[in-house]
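Only a predicted model underlies this, so the values are computations on that prediction, with no experimental measurement involved.
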Amino acid sequence: MNTQEIAKLQNEHLMPTYAPGIALVEGTGTFVWDAEGNEYLDFVSGIAVTNIGHCHPKMVQAVQDQVETLVHVSNLYYNEKQPQLAKALAEYSGMPGAKCFFCNSGAEANEGLIKLARLWGSDKSKYEIITMRQSFHGRTLATLAATGQEKVQTGFGPLPEGFVYANFNDLQSVEDAISSRTAAVLVEALQAEGGVNPAEPEFLPGLRKLCDEKGLLLLCDEVQCGMGRTGKWFGFQSYDVQPDAFSLAKGLGNGFPIGAMVAGKKLADIFQPGHHATTFGGTPLACAAALSVIEVIEEDELLSNTMMMGAYLVEGLCEIAMKHKKWISGVRGLGLLLGIVLDVPAAPLQKKVQEKGMLALATAGNVLRLLPPLNVSQEEIDQALRLIGEACAELHDEMAAQSPTPCQCGVGE
Ligand SMILES: *Cc1c(COP(=O)(O)O)cnc(C)c1O
């Protein structure tokens, strides 16, 4: 099928929740191809999912081997892959005595965290969870309520009670939101969906201290910034802080659906038989996929590659930003979760780089989010920088042509 045929079929049979433009049919490493055979440099990675690149041979092999052996058995039976994966996640989290629960998505992992915090607080009559404005925690009813953005909530009320919002990077605002009913604070180390806003160096340590003083749980949503994305296994590790529990999904299975919640000692045994369950959670197949992802991150030293390539990409982006100071205000992020912050809408820039053969993601209106795989090469980043640079120069000329006074920012000098 060509793109037009696929689009027609989709428009007839799928709810119009998304508005895709191109149809992708194949991928390898950092590249994907559309139905017409056009090649794209993929700096979206399925939104921080395909962290080891498309169709990584080790993952393909692991999934193939497992699919021929055992796909699903239900959690009524032991399956050896699940504790192996849980052990690895607990070790990399650095949280002593940590235990896992596996599920299928980020929203489901966060729902689990919410239930865990409520059960922990139930004998103390504590159930409120403080979350941050501009956060993103998912699209189920409880995670919508946890998401501090009105635009995703409108029309879906009444939402579950018990969520209170505070300002990100504002400890006083969090402290002001605490009541006798507060059980937990839920936070992303880096707000990705909300515009690629990393926590300031003092914020997470300050939250940890505040939670300890007030007897609250600190929960981290690591769905997007976990699994090496920031250059550490988990985003909170950039701040030398340990949460009481955290959620994972996106990058965990490199595209094989799997989510997890990881709880430290205090919360590891709160859930008892009957408290929580999910049919597909932690199948041998999903866990085999995730184990192969962890193995590749470890063996190919992808955390250090993320740090190095992230720094290299930031340097190149800053050069581009300097050339367009009039409408690019800066570059921010951690590791390979980066954003170019514009003073104009980001959608036209996203469109332009896509026409040039590169996928990037407009976020929060004015931010172009870049999420290459963690094994991206320097050559691929050079190619991305060239395409972004060209797109910015063209956009600059178009904006100059539209503006009533001649633009004097001196592109191409
Ligand atoms: C994507 C995302 C979610 C939701 O994950 P789904 O798998 O889409 O349910 C939750 N939190 C964060 C930080 C995310 O980026």
Side-chain angles (χ1 to χ4, degrees), residues 72-91 93 95-131 137-147 158-164 180-187 211 214-223 226 234 236 242-249 252-253 257-287 290:
H72 172 92
V73 288
S74 155
N75 288 306
L76 300 172
Y77 311 97
Y78 288 119
N79 99 58
E80 64 180 2
K81 299 287 176 202
Q82 227 183 93
Q84 285 170 9
L85 177 59
K87 182 166 186 263
L89 292 175
E91 273 170 19
S93 76
M95 285 156 51
K99 291 185 179 175
C100 296
F101 176 91
F102 292 109
C103 55
N104 308 283
S105 70
E108 198 189 348
N110 286 332
E111 286 270 351
L113 285 185
I114 293 163
K115 280 181 70 178
L116 193 61
R118 286 198 177 181
L119 193 62
W120 172 83
S122 60
D123 61 353
K124 305 176 258 296
S125 298
K126 289 171 169 232
Y127 59 87
E128 261 175 18
I129 297 177
I130 300 172
T131 67
H137 299 298
R139 298 287 193 155
T140 60
L141 282 173
T143 58
L144 263 190
T147 294
L159 294 174
E161 288 173 34
F163 296 92
V164 179
S180 59
R181 299 173 300 276
T182 309
V185 176
L186 171 63
V187 67
C211 287
K214 306 278 182 184
L216 314 178
L217 302 174
L218 180 61
L219 310 174
C220 283
D221 180 342
E222 289 279 330
V223 169
F234 307 111
F236 55 79
Q242 280 183 0
D244 295 299
F246 63 95
S247 55
L248 288 173
L252 180 55
I258 179 168
M261 82 179 130
V262 184
K265 216 178 196 132
K266 191 195 280 187
L267 298 176
D269 293 310
I270 295 286
F271 278 167
Q272 292 294 313
H275 278 138
H276 199 51
T278 180
T279 299
F280 293 132
T283 63
L285 188 54
C287 292

(request) Any chance you could measure K126, atom NZ, to K214, atom NZ, to the nearest 0.5 Å? (result) 10.0 Å
(message) Going by salt bridge (charged side-chain N to carboxylate O under 4.0 Å, His left out), name the residues that satisfy it together with K265, two or more places apart in sequence or in a different chain.
(response) none
(request) Mark yes when over 12 heavy atoms from residues, nucleotides or ligands other than K266 sit less than 6.0 Å from its NZ; otherwise mark no. (result) yes
(request) Quick one: closest heavy-atom pair of P243 and C220, and the distance? (result) CB-SG, 3.8 Å
(message) Test of understanding: with ring-ring contact (aromatic ring centres under 6.0 Å, His included), list the residues that count as partners of Y127, not counting sequence neighbours.
(response) none
(message) Can you tell me how far apart OG (S247) and CG (L186) are? Round to the nearest 0.5 Å.
(response) 7.0 Å
(request) Take L217 and V185 through the test side chain to side chain contact (heavy atoms under 4.5 Å, CB included) and record every step on the way to the result. (result) CA-CA 6 Å; L217 302 174; V185 176; over 6 Å; no
(request) Please list all pairs passing the side chain to side chain donor-acceptor pair (under 3.5 Å) test where one or both residues lie in residues 72-81, with sequence neighbours left out. (result) N75-Q82
(request) Scan T147, N110, T131 and name whichever one has a side-chain hydrogen bond (donor to acceptor under 3.5 Å, both in side chains) with D221. (result) N110
(request) With sequence neighbours left out, write down each residue that passes salt bridge (charged side-chain N to carboxylate O under 4.0 Å, His left out) with R139, or none if nothing qualifies. (result) none
(request) Report the distance from atom CZ of F246 to atom CG of L113, rounding to the nearest 0.5 Å. (result) 9.5 Å
(request) Identify the two heavy atoms, one from A245 and one from A263, that lie closest to each other, and give their separation to 0.1 Å. (result) CB-CA, 3.8 Å
(request) Search all heavy atoms of T140 against all heavy atoms of T143 and return the closest pair with its distance. (result) OG1-OG1, 2.7 Å
(request) Might you point out which heavy atoms bring Q242 and F236 nearest each other, and give the distance in Å? (result) CA-CD1, 4.5 Å
Compile the donor-acceptor pairs under 3.5 Å between side chains in residues 115-123 and protein atoms, sequence neighbours left out, one pair per line.
unit_1 : atom_1 : unit_2 : atom_2 : d
K115   : NZ     : H275   : O      : 3.0
K115   : NZ     : H276   : ND1    : 2.9
R118   : NH2    : E161   : O      : 2.6
S122   : OG     : L119   : O      : 2.8

(request) For the residue pair L141 and L159, establish whether any side-chain heavy-atom pair is separated by less than 4.5 Å. (result) yes
(request) Supply the atom-to-atom distance C211 SG to D244 CG, rounded to the nearest 0.5 angstrom. (result) 7.5 Å
(request) Apply side chain to side chain contact (heavy atoms under 4.5 Å, CB included) to the pair F280 and L285, showing each step before the final yes or no. (result) CA-CA 10 Å; F280 293 132; L285 188 54; over 6 Å; no
(message) Rounded to the nearest 0.5 Å, what separates atom CG in L85 from atom SG in C100?
(response) 6.5 Å
(request) Taking all heavy atoms of A145 and all of P160, pick out the closest pair and write down the distance. (result) CB-O, 3.7 Å
(request) Specify the closest pair of heavy atoms between L248 and L252, including all atoms of both residues, with the distance to one decimal. (result) CB-CD2, 4.3 Å
(request) Kindly compute the distance separating CD (E222) from OG (S93), expressed to the nearest 0.5 Å. (result) 10.5 Å
(message) For T278, give me all partners under side chain to side chain donor-acceptor pair (under 3.5 Å), at least two apart in sequence or on another chain.
(response) N104, E108
(request) Given side chain to side chain contact (heavy atoms under 4.5 Å, CB included), test T182 with V164 step by step and report yes or no. (result) CA-CA 9 Å; T182 309; V164 179; over 6 Å; no
